[in-house]
Amino acid sequence: FTWVPWFFMLSGFILFSAEARRPRAESVLGYVARRSVSIYPLYGASLLVACVLAKAQDASPGFLVLLLQAWLGQAWLPWVTEGALQMQCWFLSCMVVYWALFRVLYLMVASLKTLGHLLIALAIACALPWIAVVIVPAIAGDLRWYDRHTFGHTQSLDLAVVLLKFNPLCYIHIFFVGMALARLRDLLEPHSKKATLVKVMHGLAPAGYLGLLLLFSVPALHPPAAKLSARLSILLPLQAAVLLGLAGLPGAEPTAMASKVARLNFLEGYSYAVYVMQFICYHVWPESKVGLGFFVFLILSAVLAVHLVQKPAERLCSRFPDKLWIAPLAVSAMLGALCLVPDAERNGDIPAWRELEDMVVDIRLPLHMGSGSGRLINPSLLFRKDGTELVLTARRHGVSSERSQSFYDGRQVTLVEDTWHSEIMIGVLNVDELSWNAWLKGGTPMKLPSLSPWAGLRTVNNSKWNNLCVRERWIPENNTLLRLVVTGPEDARVFQRFPDVFGAPGVDVAFNSYPPLGRYGCGKDGAVSQMYLTEGVDPSAPRSPSFGMHLDCGEPDRAEKNWIPFQREGRLHFVYSIQPHVIAEVQAGGRCSKKSYSSFAPLVRLQARQPGLALRGSAQAVLVEDVDATPRLPKPHFLALMHIVDPKTRRYAHFAYRFRSEAPFEVLQVSSQLPLQAAAPEGGGQPFAFASGLALHGQQVVITYAAGDRDPRALVMPLQRLDVMFGDNGANSQDIAFA
């Protein structure tokens with residue numbers, strides 16, 4: 001949180017000192033161009049390399065974003081910043097602005113003729129981050145409001161957080177402090193021989209380092225709203241002490257610490273290259289975990305970049321100082337040319353279209369989102385309006401992890417905090433039957449809409465669905481607290497309670513989520529997933545308010561998920577359990593009025609043979625009334641999905657099953673195993689697939705799923721072909737091929 005602010009302050013200090021010693025008559029553009037020579041060549045080259053890598057991963061941003069980056073403007077637009085390539089180089093956008101304003105700032109600081117005026121200016125600059133991110137939020141009663149920001153989102157709160165984290169105007173006070181420290185150093189020069197001042201200067205850097213060390217290593221000393229306030233340099237006084245102590249007074253002997261630090265000056269030319277190259281090297285590194293080998297690779301890459309790119313570019317620029325504007329223009333042109341090259345197919349290890357047999361195909365769903373990071377997984381579909389409209393939901397999922405020191409139960413512990421960045425995305429599409437059928441035959445995939453965040457989802461208290469209960473597990477053996485933070489709702493099932501009403505205004509969405517954090521917290525056992533229902537959601541207006549109500553059919557202290565929603569004659573039901581087959585009827589307000597129970601003998605026998613397996617529901621249930629297409633069950637019935645999971649390996653086997661269309665809705669048949677494509681997750685591990693949606697499109701069955709938590713897909717087959725899979729064995733076979 002402090003490297004970039006330190007860099008801003010150091011830059012202001014060095015530039016002011018240089019200008020004070022040797023003023024130069026130079027235009028604003030000339031000054032900016034000359035300073036840019038030290039940063040742009042390496043940045044421009046890295047941007048081109050990053051664009052090539054993003055193309056190879058089907059993750060390149062649009063040309064307008066790249067054009068903005070080529071001219072170092074990415075930090076100005078908060079809806080662009082977190083989606084830019086080489087995001088860690090955002091600070092270069094700030095430096096260009098500060099160089100352009102340097103002459104004005106220099107005259108302002110140089111006009112401070114007395115120590116009193118200078119110290120007042122420093123105090124005001126240091127107070128700004130306290131006012132912006134500590135005092136005002138504390139008065140509003142929400143000191144950590146920024147925690148509700150989700151990376152890549154563009155809601156009002158998200159844009160405000162990004163603005164504070166990256167916008168050049170939010171850091172100009174730090175650059176000013178650096179310049180003011182250089183001015184302070186000049187004003188102290190006449191007193192450089194005073195013994196008291198010499199002792200103070202010798203103690204500044206050690207005191208500053210000690211203060212920073214204590215603040216970073218002792219959780220109780222962390223500044224308020226640390227993740228944002230430290231970034232905006234609430235630590236300015238300590239950092240200023242380090243800088244002023246290492247610089248010393250003009251004409252005075254350098255301090256002992258400054259002399260030792262000076263031995264590392266040879267690294268100056270390479271540290272910037274290491275910073276610029278770090279994520280490029282990480283993306284080409286063959287493993288997600290890094291060790292000594294990675295850092296050796298990073299350092300060698302940085303050295304090569306300095307000698308093959310930066311230094312030759314500096315020599316070239318010195319020969320043509322009036323042609324420096326050509327560099328961003330050339331980078332813009334090359335980025336534009338790269339944009340003409342199609343992105344590589346994402347998940348290239350899995351075919352986008354695969355024909356399993358005649359009229360049975362497995363296809364990739366080309367889901368995409370307008371902005372943000374993460375993967376779209378676990379899709380759910382609903383065809384309505386006689387199949388002419390398709391409603392889609394999916395889960396945006398990403399994972400991050402952080403290790404730090406914290407306090408738990410009165411003791412200092414190691415905190416490992418995993419964050420699941422989760423959000424339900426939604427969209428709607430008019431279905432062209434010819435395009436749909438051509439796609440299934442191997443033609444061009446249908447152009448699916450860009451999915452939007454379900455931003456209108458609210459709790460019953462009209463709060464956003466993003467401040468959820470946190471799960472913690474204490475491991476006393478190694479003094480570690482494991483914390484899981486989930487930022488939003490998870491897997492959605494989209495259905496329609498009154499499907500026979502043409503043009504019904506909205507759809508219904510069932511989803512699981514950790515409970516929203518109430519006034520009195522979550523309690524000891526409250527941080528478990530629960531099921532929720534939202535009715536009347538307009539998929540074309542995801543920002544419109546809709547309220548999630550808790551379904552009280554389960555246990556509040558046990559994880560509840562994988563319920564199967566269905567409706568019969570306007571009454572809403574959920575399959576709560578597969579074996580026994582428990583059906584819960586839901587009344588207004590999420591209250592469960594009654595449950596019905598039944599058992600299916602083959603599943604009973606399966607559980608008796610393999611008691612370690614868990615049988616769970618998947619997706620939503622659909623009513624099948626075309627008896628001609630289902631000769632093995634020639635009567636109306638519900639079609640649903642289930643999966644069998646081995647808890648030891650976390651691998652799945654998926655099946656379709658049929659249950660009676662009238663209470664008590666007992667299971668009638670179970671299919672043979674569904675041929676879903678398994679894939680290994682991005683971080684490595686056992687290949688798996690997870691079914692998440694079921695829909696009927698005419699006489700076609702569409703089963704949606706995610707392969708390896710990274711590839712949204714659909715298995716499509718005729719209803720007649722699925723009927724063939726309901727033979728005599730089904731899931732009671734002893735041989736289950738987990739995937």
Side-chain angles (χ1 to χ4, degrees), residues 345 347-367 378-383 387 390 392 431-446 448 618-634 637-644 652-658 669-679 687-708 711-731 733 735-739:
E345 187 178 351
N347 299 310
D349 58 323
I350 312 171
W353 180 90
R354 180 185 177 195
E355 186 175 37
L356 305 181
E357 56 182 84
D358 185 37
M359 301 185 72
V360 180
V361 296
D362 189 286
I363 55 177
R364 171 173 300 131
L365 297 176
L367 303 180
N378 299 352
S380 177
L381 308 181
L382 171 68
F383 290 93
L390 174 62
L392 308 97
V431 178
D432 178 73
E433 198 66 24
L434 292 177
S435 300
W436 170 263
N437 290 327
W439 181 18
L440 297 183
K441 293 177 182 178
T444 303
M446 285 181 60
L448 300 183
S618 298
Q620 57 272 69
V622 295
L623 182 63
V624 178
E625 297 181 290
D626 188 349
V627 297
D628 294 333
T630 59
R632 283 174 170 75
L633 189 60
H637 60 272
F638 279 101
L639 177 66
L641 302 179
M642 57 170 281
H643 61 269
I644 300 175
Y652 301 86
H654 293 86
F655 305 84
Y657 80 98
R658 293 163 165 170
Q669 295 175 334
V670 177
S671 75
S672 57
Q673 188 168 338
L674 297 172
L676 305 185
Q677 291 198 77
F688 72 96
F690 184 79
S692 53
L694 174 66
L696 288 180
H697 182 51
Q699 287 195 336
Q700 291 174 328
V701 179
V702 183
I703 299 169
T704 58
Y705 69 99
D711 191 15
R713 305 189 65 83
L715 175 67
V716 186
M717 68 179 74
L719 196 55
Q720 297 92 328
R721 177 61 186 87
L722 181 63
D723 182 69
V724 175
M725 300 180 69
F726 287 93
D728 295 330
N729 293 326
S733 170
D735 299 320
I736 299 174
F738 287 101

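Along the sequence shown, the residues carry numbers beginning at 1.
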Check against side chain to side chain contact (heavy atoms under 4.5 Å, CB included), Ile644 and Met642: CA-CA 7 Å; Ile644 300 175; Met642 57 170 281; 3.9 Å; yes
Between Arg364 (side chain) and Pro445 (backbone), is there a donor-acceptor pair under 3.5 Å? no
For Ala640, all residues meeting side-chain contact (heavy atoms from CB on, under 4.5 Å), sequence neighbours excluded: Ile564, Ala621, Tyr657, Phe659
Say you draw a straight line from NE2 of His654 to CG of Leu641; how long is it, rounded to the nearest 0.5 Å? 8.0 Å
Look up atom OH in Tyr705 and atom OG in Ser692, then write down how far apart they are to the nearest 0.5 Å. 10.5 Å
Leu674 versus Met725: any side-chain heavy-atom pair under 4.5 Å? yes
Between Val670 and Phe726, the two heavy atoms sitting closest are C-CD2, 3.6 Å
Any chance you could measure Met446, atom CE, to Leu434, atom CG, to the nearest 0.5 Å? 10.5 Å
Taking side-chain hydrogen bond (donor to acceptor under 3.5 Å, both in side chains) as the definition, give me every residue that meets it alongside Asn437, ordered by chain and number, with sequence neighbours left out. none
Which atom pair, heavy atoms only, marks the closest approach of Ile350 to Ala707? CD1-CB, 4.2 Å
Rounding to 0.5 Å, atoms CG (Leu633) and CD (Gln669) come to a distance of 4.5 Å
Applying side-chain hydrogen bond (donor to acceptor under 3.5 Å, both in side chains) to Ser380 and not counting sequence neighbours gives Gln620
Please round to the nearest 0.5 Å and tell me the distance separating atom CD of Gln700 and atom CD of Gln720. 10.0 Å
Check against side chain to side chain contact (heavy atoms under 4.5 Å, CB included), Leu381 and His697: CA-CA 10 Å; Leu381 308 181; His697 182 51; over 6 Å; no
Shortest non-hydrogen separation from Pro675 to Asp362 and the atoms involved: O-OD2, 4.3 Å
Looking only at heavy atoms, the pair that brings Ala689 and Leu676 closest together is CB-CB, 4.0 Å
Residue pairs meeting salt bridge (Lys or Arg N to Asp or Glu O under 4.0 Å), one or both in residues 716-726, sequence neighbours left out, come to Glu357-Arg721, Arg632-Asp723, Arg658-Asp723
Under the ring-ring contact (aromatic ring centres under 6.0 Å, His included) rule, collect the residues that match up with Trp439, sequence neighbours excluded. Trp436
Smallest heavy-atom separation, Pro379 atom then Pro712 atom, equals CG-CB, 4.1 Å
Not counting sequence neighbours, which residues clear side-chain hydrogen bond (donor to acceptor under 3.5 Å, both in side chains) with Glu355? List them please. none
Just how far is it from atom CG of Asp628 to atom CD of Gln699, taken to the nearest 0.5 Å? 8.5 Å
For Val622, enumerate each residue passing the side-chain contact (heavy atoms from CB on, under 4.5 Å) test, keeping only those at least two apart in sequence or located in another chain. Leu639, Leu694, Leu696
Output all residues satisfying side-chain hydrogen bond (donor to acceptor under 3.5 Å, both in side chains) with Ser618, sequence neighbours left out; order by chain, then residue number. His643
If the condition is side-chain contact (heavy atoms from CB on, under 4.5 Å), which residues does Ala714 pass it with, not counting sequence neighbours? Ile363, Leu365, Val702, Thr704, Val716
